[in-house]
Structure formats: structure tokens, C-alpha cells
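A quick write-up on the structure given underneath.
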Number of protein chains: 2
Amino acid sequence: MTVTLADVAARAQVSPATVSRVLNGNYPVAASTRERVLKAVDELDYVLNGPASALAAATSDLVGILVNDIADPFFGIMASAIQSEIGGPGGRAGGERLAVVCNTGGSPERELTYLTLLQRQRAAAVVLTGGVVEDAAHRAAMDAKLRKLTEAGTRVVLCGRPPAPGTGAVALAFDNRGGAQELTEHLIGLGHRRIGYVAGPEGQMTTRHRLEGHRAGLAAHGIAADPRWVVHGRYDRQAGYEAALELLRRDASLTAVVAANDSVALGVCAALRDSGLGIPGDVSVAGFDDLPFSVDAVPALTTVRLPLAEAGARAGRIAMGREEAPPGGIASVRGELMVRGSSGVPRG
Amino acid sequence: MTVTLADVAARAQVSPATVSRVLNGNYPVAASTRERVLKAVDELDYVLNGPASALAAATSDLVGILVNDIADPFFGIMASAIQSEIGGPGGRAGGERLAVVCNTGGSPERELTYLTLLQRQRAAAVVLTGGVVEDAAHRAAMDAKLRKLTEAGTRVVLCGRPPAPGTGAVALAFDNRGGAQELTEHLIGLGHRRIGYVAGPEGQMTTRHRLEGHRAGLAAHGIAADPRWVVHGRYDRQAGYEAALELLRRDASLTAVVAANDSVALGVCAALRDSGLGIPGDVSVAGFDDLPFSVDAVPALTTVRLPLAEAGARAGRIAMGREEAPPGGIASVRGELMVRGSSGVPRG
DNA sequence: CTCATCGCAGAAAGCGCTTGCTGTCACCCG
DNA sequence: CGGGTGACAGCAAGCGCTTTCTGCGATGAG
């Protein structure tokens, strides 16, 4: 029914071994023989059996990419960049590889399960993106899993994710703390003193780092951090909308609001507008990430640009062994402050 | 080195066959035995070898999802919905499946190559999204490939994509023509007569259908379509920006511009603003798709909402055999007109 | 002219799992 | 109390490929 290597071999009058070697091209085969084999492959419309080949060779050409939410451009951009580098029909980077994009939905359990699934498939490499939950038990489980993967020969790269020491995984971490601090200092430089902060979900490292950076920025200028000025929520527009309303309720004298990311910032903007406040006339707003839509917001969003595509591409290359890992297996990726229309001098 | 089924069997004092059956749960195994096996699996930290299992069982639990660009929310949303339905650790939908998201970048060749790769992996199902190129040779090649896949037992679903008759593939097509017509008629209803149209790339079916719908809308109200009012470009913001400028250059008296999709519409808005024109005061703008950011644009974008997530979820279920295919294997998915701030009565 | 050498092709032993078929008990019914 | 019937467990034959090792003819050196 299905065409196998043996069929091709028979038609080309050679042994299966020879066909395999022609297809893999890692063993000398006479040109005339090769040609004959290729012709047979073509005539029979032969398609290699991936599982069989993976079993025999003890490796597969699958590469896993873990993301929190593929519908979110933040992850989409990274995934796209990673994929463009891991080979596949896209980038001419050696053998054709298949990228397996896994949606963890931010759930630690799913993350673990997907890793097992990938391990089961004997994936060639795994790139993990997205946040890390600050739960000791989960981190230990993750680290154990990652270690097992690297020990089994799977290359593991953390992209935009804090390092996992002792696991053998290479990490390209975003400098969330530094970026957030720079952003807050920009607002302070404009004259803002009462700055609200819409943070991400509690218990996430990204949330904590960005918040810490914000506070460091305040501290650097001797501004006391008022706990009423911080509200936690999800990393989405809706959460931003609600958080902004809450912030206003707590202290209507705020002159600026920093959001955990751009989506949240958009929600904040909508809430402010719906409350009759002008941006940046009444309240300045700032985001984080610099996703494509941020420049199109009106006014355009002041934010911290994270080099998502570059970091993803680099992670992809490292995962493929086409670029050396950074010294110590850890690199910090800096963001860049993008000052745009949504931030201005405070009113009054 | 690596733990195999046999190791587990030895430890649990049973035969490999029994272990396999416990793990697959499709054969009666005594509770006490099962427990013993599970214990051994746990103790040895056994991970099933995917390729070996796929080879022996002649099926794999991989599901392919083809998208044009994973960084584009249009595809991200569909991919996410599809994935949530195909099982995986996310949706509790039977066995754990791995979604393979493939970025075709809109290239017909890559589309074909990915399909071969998926065929090679003996994928359980494949969901294709994204546009179709109107090239006869390519379509024939695609159809042949799809037929081969369905013949090999792979379920093939086209999501938001025109049907491929005779291939055995199920199609959930978006009613681009109808949506575009409705949108244009909405503008006409407001009083617009000179309506610019920023179309997608030529030679794509989606582009053609939307443009045809637009023209049908004009025709229905006896408005002659002026060829100068149509500009083609890519499906992105940049193209929209440039196209809008070109449109204005050709005829500054346009009172409305319809864009091929929301991203393009955003570019159009930016260009209009940069030209000192108000929206919708001077020119009304409309998009297509209703992506999440469209409601946040200022003014919010009038557009046609495509039920991306619903269609994706349905496609996923059909691919998994958990929902029956529509009669004839073809269903048309309608869009819904979303009237928002970017469209108003024409000036003057 | 002989023997080591080289270049290429084939034989065959798995890779780790699934599954049809064949036992082997234990139990129940007559 | 015997044979029929189930409920489980094991045997063993692959699944389709890779790869080591062996074989063989041709070539070049001595």
C-alpha cells in the first residue's frame, strides 16, 4: 500500500541500505547509482517514514517551541523568528526541521506535560519562551525536566526567560528590570511624581522584575512608593482597563500610569479616555514590549522595545548549534526606551 | 542508558506487551497488574519513545497546522483555537496530541514542502489556514498532495480557506465576498459614493473575493467602479499607508476608503492623519477581520468580524473527528459587520 | 605478477514499540 | 465434578529505517 524504502530499492536495483544512504547523503555513493535511486524515488512518489527513521537513527528533526499564548503577538513574533532559523522549508539551514509550537497557556502543568511530549518525540531541540512562575516546587520540577532533556542530547534554549542554572540550558534573558527602571525614570524626568503602576499577575518573575525596576526608578529619585499606586492583573487589555479605573478610584491625582505591557497599556488608555481624561494632557501612559500595534495607538505609545525577533532568531540559531552559546550560557538582552506621544509633561 | 518498555516490564515482572497495554489502555489489564506497571513506570521515570510507537502503530499523534505567518494575530488566533481543540495537554480531548505549527510565509512551495514533511511524520491530521494562490499549477500540486494525505488516512481540514474539491478535505470557508459587499453597502448607506479600495496582493483568492464583494456592493447601488480607486498591496500596515497616499494622489475627493484587512486599515488611518485629514470627519475608513486591536484604534475601526476563534475551534474538532463535517464537506462561515467610529456620513 | 588499498554496495542486526494469536488459569453452570 | 467460558498475560512477528561490518572488483605499488 504505502511505498517503502525497499520498494524504491527494488526499482532502482540496489539494496535498501544504498537508498537510505542516497537520501541521507552521508556516505559515498556512486553518482550513477544515486541518480538511479533518485529517479526511482521520484517515480514511486516515495515519502520517507519519519517515525521509522527517527527510531532507527535515534534522533528526530522535531524542534519544540513553548509559548504562553500563540495568539499573542509577543509570542507570535518570537516563535516566528525562532522558526525561521531552525531550518524548515523556510530558512535554508540544512535538513528540513519541523517546529512544534506548544501553547502552554501560562500553565506550569501544561508546560511540564509538553516537555514530556517533546521528550517522548526525542526532539532535537527545545526553545522555551514566556514567563516563569515563582513557585519553588514547580521550578524544581521544571529544572529536573530540563536537565533530563539536555542529558538526553536535546538542546534547550530559554528565550526571554530567566536562566535555569544547573540544567545545561542556554538562557537569553530580557532585562526587564533595567528597562522598567529606565522607563520610570523617563517619566520622572518629565516631572511626574505620582505614577500608577499596573502590574502583571503576582507570582510571576517577569511581573516582579518589571515592578522592581519601576520601584528602583522611583527610589533613585527619592520618591516613596505608595502601595495604593500598584494594581495587579493579567497581561491583557481588559485587565488594564479595569486596573486603570481602580487606580483612578484610589488616587485621582496620578499624572502617569505605567503598564506591565503594551496590551495592558492600551486598556489603560481606553479607561482613561472613557473617564474623560486626555493622554498625555491629563495622564501620561507607558507600556512595555513595543509590539507592532503600539506605534499605531493614538497617541503612539511610549514603551520599552524588546528585540523579540532578534532574540528569537538568536535562540533558534543556538538551538540549531549554528551559533555559539553566550559565555556561561547566559546572556542578558536589553530593551530600548521608545519615547512617543503617550508621555508628556504632567498637567498643572 | 535510556529506559525502555522492556526495562519497565522487567521491573514490574510482566511482559512488554502488558506494559504497552497499560500505557495505551485499550486492552483489559487487571487492576493489580496495572498498578504494578504504573509504579515501575514512575520509579524508572520512563518516557515512551514516540517514534517507535508511531512506527509500530502506524499512526502518530502529531497534528499539523499550516499558517501564513504566526506573528500575525489573524493566524495566531486561529492556530490557538485549533490547538485548544486538538487535545494536547490543554483541552482534555483524549490522547495527548502535539500541534505542529508551520509558517509558510505565504509561499506555495513551502506550503507543499511542509505538507510533505507532515506526510512523512504520518500526521494524524492537518489543518490548513491562510490564502490560496490563484496559480493553476500550484493548485493542482496542492490538490494532489491533499488527496494523497487524505488517502493515507490523514484528516485534512481547510480553515478559512476555499474548498479543494475532489481531495477529500473538509473546508470551512470565510464568506469574504459577502462580508465585503455588506461593508461597502454600509458606507453607501451612509451616503458615500466615491470609495477607495486598498486591496491585497493580486493573484490571491482572498484578495479577489473581497474586491468582488466590494464591487458587487457598488454595483448594487448603481455606482460605477472607477479603476483609479483601487490599489493593490500587501496585507500589512505599511502597504496600507502607501496605498492611501496613492489613492489620495489619484483622487483627493474620496470620502471613504475600504481596506483589505484591519492592519491595512490602520496604515490607511495613519496616512490620512499624516495628510491632515480627520476620520471619519473627512474620510471614513473600514477594515476587515476585526482583530483585537481594531477596537482600540482611535477612532475604533468599522470592520467585518470574522469568527476566527470559532472557526478554528470547529476545524480542530473536525480534524479530531469529534465533530461531523458539514454536509458536502463544505461550510461557509459568515462575517459580521461591526459598525464603529471610523465610518460616518461623508463631509459636505 | 602479487598483494595491499580503496571505493562502493549489500547483508543483517537491530531501534523500541504494538498487536494478533495463543495459552493459562479461575470460575461458573449444568 | 467436568467441560465450557472469560479474563488476562505472554510470545513473537513485524513496523520501515539506519548503520556496522563484510565483500568484492578495480587500481596502484612493489
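Source: prediction; values computed, not measured. A note on names: the letters A, B, ... follow the listed sequences, proteins ahead of strands, and every chain is numbered from 1.
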*asked:* OP1 or OP2 of D:dC17 versus the side-chain N and O atoms of A:Ser53: is any pair under 4.0 Å?
replied: no

_Under 4.0 Å, counting only non-hydrogen atoms across every strand here, what does B:Val19 touch: a base, just sugar-phosphate, or nothing?_
nothing

*Check every strand shown and say whether A:Ala30 touches a base, only sugar-phosphate, or nothing at a heavy-atom separation below 4.0 Å.*
sugar-phosphate

*Round to a whole Å and report the spacing from CG of A:Asn24 to P of D:dC17.*
11 Å

*Phosphate-side-chain proximity, A:Thr18 and C:dA9, N/O vs OP1/OP2 below 4.0 Å*: no

_Nucleotide nearest A:Ser20 when distance is taken to its side chain, options D:dT18, D:dC17, D:dG14_ = D:dT18

_Do B:Thr18 and B:Ser15 pair up side chain to side chain, a donor and an acceptor below 3.5 Å, judged on atom types alone?_
yes

_Distance alone, cut at 3.5 Å: any donor-acceptor contact between the side chains of B:Ser107 and B:Thr104?_
no

*For the side chain of B:Arg21 and the base of C:dG20, is some donor closer than 3.5 Å to an acceptor across the two?*
yes

*Which of these nucleotides, C:dC15, D:dG10, C:dG10, is closest to any side-chain atom of A:Val14?*
C:dG10

*Residue B:Asn49, side-chain atoms from C-beta onward, closest of C:dG16, C:dT19, D:dT18*: C:dG16

_Ion pair A:Glu85/A:Arg322, N-O distance below 4.0 Å_ = yes

_Out of D:dC15, C:dT19, D:dT18, whichever nucleotide has its closest atom nearest the side chain of A:Leu48_ = D:dT18

*Which nucleotide in D:dG10, D:dC17, C:dC8 has an atom nearest any side-chain atom of B:Ala17*: D:dG10

*Closest to the A:Thr33 side chain, choosing from C:dT19, C:dA9, D:dT18*: C:dA9

*According to a strict under-4.0 Å criterion, is A:Ser15 in side-chain N/O contact with OP1 or OP2 of C:dA11?*
no

*B:Arg120 side chain vs A:Val47 backbone, donor-acceptor pair below 3.5 Å*: no

*Please state whether the base of C:dA9 and the side chain of A:Tyr27 form at least one donor-acceptor pair under 3.5 Å?*
yes

*Quick one: on DNA chain D, does A:Ala57 or B:Ala57 contact a more 5' nucleotide (nearest heavy atom)?*
B:Ala57

*Answer yes or no: does atom CD of B:Glu35 have more than 12 heavy-atom neighbours from other residues, nucleotides or ligands under 6.0 Å?*
no

_Which residue lies more 5' along DNA chain C, comparing B:Thr4 with A:Val29 via nearest heavy atoms_ = A:Val29

*Rounded off to whole Å, could you give me the CD-to-P distance for the B:Gln121 and D:dG16 pair?*
15 Å

*Listed nucleotide nearest any side-chain atom of A:Asn26, set C:dG10, D:dC17, D:dT19*: D:dT19

*If you check every side-chain atom of A:Leu55, which of D:dC11, C:dG16, C:dT18 has the closest atom?*
C:dG16

